[in-house]
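Sharing a structure below in structure tokens format, with a few things to ask.
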Amino acid sequence: MERVKGRSGMGAAGRGWNQLPERARTLIPATILILLAVLYPWYHENWLAEFTNVPVIINFPSVSTAVIVIVFVIMAVGLNIVVGYAGLLDLGYVAFYAVGAYTAGWLASGHFQQVSFHFGSAGISRDLNGIHVNVWIVLLAAGLLTALAGIIIGLPTLRLRGDYLAIVTLGFGEIVPVFVRNGDNLGGFNLTAGTFGINPIDSPGFGEGLNGAWGGLPVNFQQSFIREKLFFYAALALLLITLFCSVRLRESRLGRAWIAIREDETAAAAMGIPLMRTKTWAYALGAFFGGIAGAYYASFKSGAFPSEFYFNISVFLLCMVVLGGMGSVWGVVTAGSILAWLNVEGLANIGTYLKRQTPLDFEVAKYQFGIYGVIIVLMMLFRPTGLIPERRRKLEMEEGVQDESVYGASR
Amino acid sequence: MSEQTPPPERAAESPAPQPETQAPPQQQRANGGRDGVILEVTDIHTYYGSIHALKGISLQVREGEIVTLIGANGAGKSTTLRSINGLNNPRKGRIVFQGKDITNDPAHSIVKMGISQSPEGRRLFPHMSVLENLEMGAFQRTDRQNFKEDLDRVYALFPRLAERKTQRAGTLSGGEQQMVAMGRALMARPKLVMLDEPSMGLAPIFVERIFEIVKEINQQGTPILLVEQNAMMALDVAHRGYVMETGHIALTDDAKALAKNEQVQKAYLGMD
């Protein structure tokens with residue numbers, strides 16, 4: 001909170017703020033932010049949507065854009081557990097996104113035409129073939145299956161350290177999309193529908209009882225007139241759960257063990273921290289949230305396509321974490337929101353604006369990864385600890401940590 | 001290791017007063033092997049990659065003892081500790097602790113069995129506070145209710161740590177960092193403590209204080225395996241000693257006898 005003190009030009013208000021207990025200083029801004037987010041569809045519809053010629057950004061992000069932004073923020077918060085908390089550089093996070101999305105494809109679509117299995121599916125005709133499990137359950141299943149994938153990827157790789165781990169995760173991140181693209185004929189069995197992808201995927205909903213919809217809850221998001229809003233609120237709820245878990249995990253015994261491993265792996269082992277188990281937990285939990293986000297996104301777009309799971313998504317998510325400040329939940333949310341918005345429509349809008357206002361004639365969106373690269377380089381030069389640095393992580397960046405492999409020395 | 005030099009007045013302070021209250025008197029634990037042997041290392045061979053670092057080390061630690069391992073740089077003292085605590089499992093040989101074979105156990109289960117250590121170079125978590133470091137020492141323990149009791153015991157041994165419990169470990173002086181490292185090892189409620197060069201890089205006044213505390217910890221009932229380059233001080237507090245040379249045990253005897261041994265005096269105590 002030193003930074004707030006530094007700006008005490010705010011005078012009495014600033015001083016009063018500093019006297020509040022730490023808990024209040026965290027909770028008040030969080031509550032305001034949550035309220036702003038919850039009310040977004042309402043004030044967007046009634047107020048923000050009227051602006052269609054805002055300088056630079058042209059218009060405010062629509063509710064449907066906001067859904068995509070939230071999904072990416074959830075993934076970034078998940079990746080932050082792996083990279084920020086435990087200090088394990090993961091360049092293949094897109095694999096978890098893919099596993100989540102395809103789990104939704106398998107469990108909530110007509111992909112497996114040869115069977116007809118319905119379990120609590122909401123607003124889906126019983127006559128449809130395929131596996132149709134209630135999407136809420138699918139989200140959980142996707143999280144668990146992805147966590148399992150995280151453990152499977154983690155067990156052989158987590159003995160590696162630093163750059164080596166990054167390279168192996170990079171490899172896994174490449175294997176998954178290739179597997180998905182070629183998974184349409186596994187010994188005659190069509191698992192992933194190859195390049196076509198799986199679609200349509202069911203939407204979440206609350207289904208119908210004998211007397212119609214339960215307590216006025218929407219039967220199925222897809223068939224609702226306020227589809228975007230429903231997806232928005234559900235995404236927001238998922239994000240809040242993710243944030244809550246993420247913050248609680250950091251303060252937990254496991255979170256402390258992650259920090260210890262990040263600071264000094266050898267000392268952590270000497271304290272009795274089981275290295276493999278603790279790192280694998282980081283992988284599994286990080287993957288869990290990536291899987292949920294992937295499944296939800298697939299349900300929102302109503303499809304899972306192999307063309308989405310490229311390496312650049314992994315880097316993009318990593319950018320969010322680095323830019324926000326590794327280990328800092330609020331930093332990652334901020335940077336994730338900005339970058340995801342830029343990616344979805346921000347850059348295109350800025351390009352349009354530049355075209356209108358200046359003689360420059362080029363598509364800004366075409367240079368997106370160049371622009372992200374420049375942003376990252378500038379951040380590393382001027383604020384290497386991220387937008388909102390985590391206190392401890394900041395010290396580590398400034399003073400360095402012990403980093404020495406425990407394994408592999410003796411055999 | 002980012003070690004800051006302490007402010008001059010801190011280094012000049014006299015060592016903290018001896019705590020009056022001590023933990024309950026030691027109970028002779030009956031769970032050791034024959035003759036109260038708690039740790040038995042038999043002919044271990046440890047490698048770093050293809051480098052043969054330990055070429056058949058055997059040693060014993062009995063209940064209530066301070067055993068010291070002295071020798072020149074690179075003799076394999078720290079490697080011996082790393083072999084025992086599971087950071088570098090030996091390829092050959094056997095390590096038995098309290099009657100159980102722990103030769104190939106991973107580090108965390110060895111800590112859980114009751115061997116804790118203050119590692120070489122102290123290896124604190126520099127960005128955690130003193131208290132957080134001590135908490136990490138108790139990481140593998142599940143009996144939260146005894147935590148406070150052990151914390152008080154550590155603070156009684158090192159009153160300075162109580163004063164500095166919210167300070168970041170990386171900003172402490174070398175002597176204080178060593179205290180944190182030793183306190184952290186004790187927080188595991190160990191049945192055997194291994195100290196790796198506790199006097200390394202410390203001002204003479206701190207060195208004396210550290211060795212006093214080593215003795216005190218031992219008098220409270222914990223056997224200690226002490227690795228030291230400062231052979232004179234180590235043999236002074238220890239009951240028995242082992243002299244290591246390039247991966248072998250060259251000599252072993254009572255500490256008093258070793259201190260009088262001509263070879264040892266010449267090679268390690270700087271006497272003619």
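So that the names make sense, note that chain A is the first sequence line, chain B the second, and so on, each numbered from 1. From a predicted model like this one, the values you see are computed outputs, not experimental measurements.
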query = Of all heavy-atom pairs between A/Leu88 and A/Ala282, which one has the smallest distance, and what is that distance?
reply = CD1-CB, 4.4 Å
query = How are the rings of B/His52 and B/Tyr47 set to each other: parallel, tilted or perpendicular (split at 30° and 60°)?
reply = parallel
message = Please determine whether a side-chain nitrogen of the Lys or Arg among B/Glu245 and B/Lys55 lies less than 4.0 Å from a carboxylate oxygen of the Asp or Glu.
response = no
query = Is a side-chain N or O of B/Asn89 found less than 3.5 angstrom from the main chain of B/Thr103, in a donor-acceptor match?
reply = yes
note = From the list A/Ala267, A/Ala260, A/Ala270, the residue making the most non-hydrogen contacts under 4.5 Å with chain B is A/Ala260
message = For B/Ser118, run the side-chain hydrogen bond (donor to acceptor under 3.5 Å, both in side chains) check against B/Arg184, B/Gln178, B/Glu197 and tell me which one passes.
response = B/Gln178
Region of B/Arg141 that comes under 4.5 Å of a non-hydrogen atom in chain A = backbone
query = Where on A/Arg253 is there a heavy atom nearer than 4.5 Å to chain B: the side chain, the backbone, both, or neither?
reply = both
request  = Let me know if B/Met187 has heavy atoms under 4.5 Å from chain A in its side chain, its backbone, both or neither.
outcome  = neither
task = Measure B/Glu135 against the heavy atoms of chain A and call it side chain, backbone, both or neither at under 4.5 Å.
result = side chain
